[in-house]
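Scroll down for the structure; my scribbles are underneath it.
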There are 2 protein chains.
Amino acid sequence: MSVDLHGTGPRTPGTATRGETVPTVPPAETAADAVEVSALLERGRTLATPVLRAAVDRLAPPMDTVAAYHFGWIDAQGNPADGDGGKAVRPALALLSAQAAGEAPEVGVPGAVAVELVHNFSLLHDDLMDGDEQRRHRDTVWKVHGPAQAILVGDALFALASEILLELGTVEAGRAARRLTAATRALIDGQAQDISYEHRDRVSVAECQEMEGNKTGALLACASSIGAVLGGADDRTADNLETYGYHLGLAFQAVDDLLGIWGDPEATGKQTWSDLRQRKKSLPVVAALAAGGPASERLGGILAEDAKSSDFENFSEEEFAARAALIEEAGGRDWTIQEARRQHTIAIEALDAVRMPPEVRARFTALADFVVVRKR
Amino acid sequence: MSVDLHGTGPRTPGTATRGETVPTVPPAETAADAVEVSALLERGRTLATPVLRAAVDRLAPPMDTVAAYHFGWIDAQGNPADGDGGKAVRPALALLSAQAAGEAPEVGVPGAVAVELVHNFSLLHDDLMDGDEQRRHRDTVWKVHGPAQAILVGDALFALASEILLELGTVEAGRAARRLTAATRALIDGQAQDISYEHRDRVSVAECQEMEGNKTGALLACASSIGAVLGGADDRTADNLETYGYHLGLAFQAVDDLLGIWGDPEATGKQTWSDLRQRKKSLPVVAALAAGGPASERLGGILAEDAKSSDFENFSEEEFAARAALIEEAGGRDWTIQEARRQHTIAIEALDAVRMPPEVRARFTALADFVVVRKR
C-alpha cells in the first residue's frame, strides 16, 4: 500500500510521506540512542511481564484465557502465541520513575503492572464501545469471545490493578493506588468525551486536546510518576513527573493521530486511513477545520456530507486519500506535527523541576524522543 | 396476579404461598424489632445518600445523569424522581460495623458509599451482560441510555469507590480499599460463573452456592466489616465480621432465589416466575434436580426439553406454574428455606467471636433476621 501525498498542498520542509516518521528529533540522533530506548523498553517488558502474567493467572476461568488472548500470549484457539503486546512505553516509564526517586527499577514493577492492567482494561471496554474489530493485528476480545467476556475481563483487570498495589500494604502503595484511580477516572472521562464528540458536527481543538489529555495523558502521567511514588518520592516530585508524562501523552497522541491518517498499515496494524474511515475527529481534522481558508471550508462541507452518507463504509481508497489531502492542504497535518513537537518540549522541560541522576534524565528524554519518532 | 401453589406436592409446615415470607424468624419477633430494623436502614440511607450523591456529582456529563437515573434520583427525561434505591442493607451494615469497632456510625460512611458504588457498578454491567431490561420497577440503564453508557458509568462508579476510600489517605482506608477490591474480584468471578452455568445442562448445589457466595456473599461480607476496618479494628475482628456478612449473603441469596420463583411481583418489581423465565439455575432448581426421586427426574426431563425449546419465551403462566410446582414437589423449595435458616444461624454465630457492645450485636442480629423475612 502506498499513497503519495506529495504535491497535494503547501508543504513545509519535513512533512513526510506515509510511514515516514515525524522529524521531531534532531538528525544528530545516534545509533546508540536508539539502542538505549530499545533496551529501556526491553527492560520494562522483561521485569513487568512475568508479574503481569502471574496477576492474570489469578483470574478464574475462562477470564484467565480471555485475558491471555487479549495480551497476545495465546491465540483464539488457546495455543501459545508470541503476540504483539504493544510498545511497552508505560512499563519502561514506571521503572525509570523509580530510578528518578533514587530507587532500583524493580521498585517500580508493581506500578508498571498496575498501569498496564488499567491500560488494557480500558482497551477491552473501549474496543467494545467503539465496535473496533482489530487491535494489534488481531481480532478484538469482544469479536472472539463475545461482549460479556470483554466487559467482565476488563472489570477483572481493573480490579487486579488495585489489588497488585494495595497488597503491598504500604502507605506509598496507597498513594500510588490513589493516583492510579484518578488517572483511571480521567481515562473514563476521556472515553465519555470521545463518544459524545462522535454525535457532534464540530469539535474544537481545545475539546479534542482535553479528551486526548484524559484518554492518553493521564495514564502516561501516572506511569511516569508511579515508580517514584512507590519509592517514597514527595508529592511535588510526583506531580512534576506527572507533568512530564501528561505532555508526553499529548505528544504521543498527536503522533497517533498522524499515524491514524498517514501511517503505514504494515507498521500500525490498522487499516489505511483508519481514523478517517471511523470519522474520528482527531487533531489533524479539527485543526484543519479550525484553520479557515478555502481548503478548510471545502473539507468542512465534505465531512458534513460524509456524516449523512449511508454509503460511507464503501468509499474507495481514492476518496479517503482526497480527504487526507484536503486536511493536509488546510494545514491540519503541519499543525499536528508542530503540536507534537511543542508538547514534547513541555514534557522535557518539566523534567528540569525534578532532581534526579543525569543518566535517568537522559533516559526520560530518550523515551520522549522515541514517542514522537515512532512509526507504530 | 395470583397463582395458588397449595396442594401441588408434599408440604412441610411453614412453606408459603406467593408473597409470604420465609418464616425463619421466631414468632416472638415484636413490632419494636421491626421498627429497629427500619430505623437502621433509614440511618444508613440518611448518612450515606448525600455522600453518594456528592460522589456521583463528580462524574463528567453525561455520566452524572446516567448514574442519577440508575440510582432513581431522576427519571429517563431527567426530571427529579424519588425512585426505589434498593433496600439499603449494605450501608446499614457498614455503619453498624463501625460501631462494632467502638466508633461512631459516621466513621463507616465512606465504606458504606464505596460498597454501594461497587454494588451498583456490578448491577450496571450485569444487567447489560444478562440482557435484563428491568431493575427496581424501571428500565435498566443500557435499555434507556445504551450499552456504551452502561459500561462507562459502571466503570466510573467502580473507580469512584476506590477514590472515596483512598482519598481519606489513612492506613485504615488502604486496608479497607484492599478488602473492597478482593470483594469486587469475587463479584466478578461470581458473574463469570453465572454466565458459564447458563451454557451447562447441570450445575451442582455446591457450584451454585460458590457462585452465590461470590456474587452476594463477598460484598455483604465487605459491607459488614468495612466500617470496623475504617475504625481501626484488627484483621481478626474484620475477618469475623466478614464471616457474618458472607453467610448473611448466602441466606440473603437463598431468600432471593425463593422470591425469584415464588415472590409477589408487586413487591419484588420482577415478573412472575422471573428466574424460571430466565432459565436460571438458582438454588431451588439445582436442589430439586439433585434431590432424586420421581418429581426430580420429571423436572430434569422437562428442563432439558425447555433448554432446547425455541418457543420458551411464549410459555404460559400455567406452564411456569407447573415447573414451580415440580421444583416444590422435588423438595427444592423446602431445601432452600432450610438453607436460608442454616446460613442465618452461621452468620449469627460468627458474631460471638467479636467483642462488641450488646446493642450493636442485637442490631446485627435484627438485620440478619430482616434479610430472611423480607418480601422484596
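From a predicted model like this one, the values you see are computed outputs, not experimental measurements. In what follows, chains are A, B, ... by sequence order, proteins preceding strands, each numbered from 1.
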Region of A/Arg58 in contact with chain B, defined by heavy-atom distances below 4.5 Å: both

Report the option among A/Ile151, A/Thr184, A/Asp189 that has the most heavy-atom pairs separated by less than 4.5 Å from atoms of chain B. A/Ile151

Quick check for you: among A/Ser162, A/Ala182, A/Ser196, A/Ala159, which has the greatest number of heavy-atom pairs under 4.5 Å with chain B? A/Ala159

Hey, mind stepping through B/Leu220 and B/Arg90 against side chain to side chain contact (heavy atoms under 4.5 Å, CB included) and telling me if it holds? CA-CA 6 Å; B/Leu220 273 178; B/Arg90 291 174 195 80; 3.8 Å; yes

Find the one option among A/His125, A/Arg175, A/Met129, A/Arg185 whose heavy-atom pairs under 4.5 Å with chain B are most numerous. A/Arg185

Test log, rule side chain to side chain contact (heavy atoms under 4.5 Å, CB included), inputs A/Phe121 and B/Asp155: CA-CA 10 Å; A/Phe121 137 74; B/Asp155 292 344; 3.6 Å; yes

cation_pi(A/Arg53, A/Phe71) dist<6.0 Å, angle<=45: no

Taking the six-membered ring of B/Tyr69 (Phe, Tyr or Trp), confirm whether the NZ or CZ of B/Arg138 is under 6.0 Å from its centre and within 45° of its axis. yes

Contact part of A/Leu165 toward chain B, heavy-atom cut-off under 4.5 Å: side chain, backbone, both or neither? neither

Which atom pair, heavy atoms only, marks the closest approach of A/Leu187 to A/Ser122? CD2-CB, 3.5 Å

Rounded to the nearest 0.5 Å, what separation is found between the CG atom of A/Asn120 and the CZ atom of A/Arg135? 8.5 Å

With a 4.5 angstrom heavy-atom cut-off, which part of A/Leu160 approaches chain B: side chain, backbone, both or neither? both

With a 4.5 angstrom heavy-atom cut-off, which part of A/Ile195 approaches chain B: side chain, backbone, both or neither? side chain

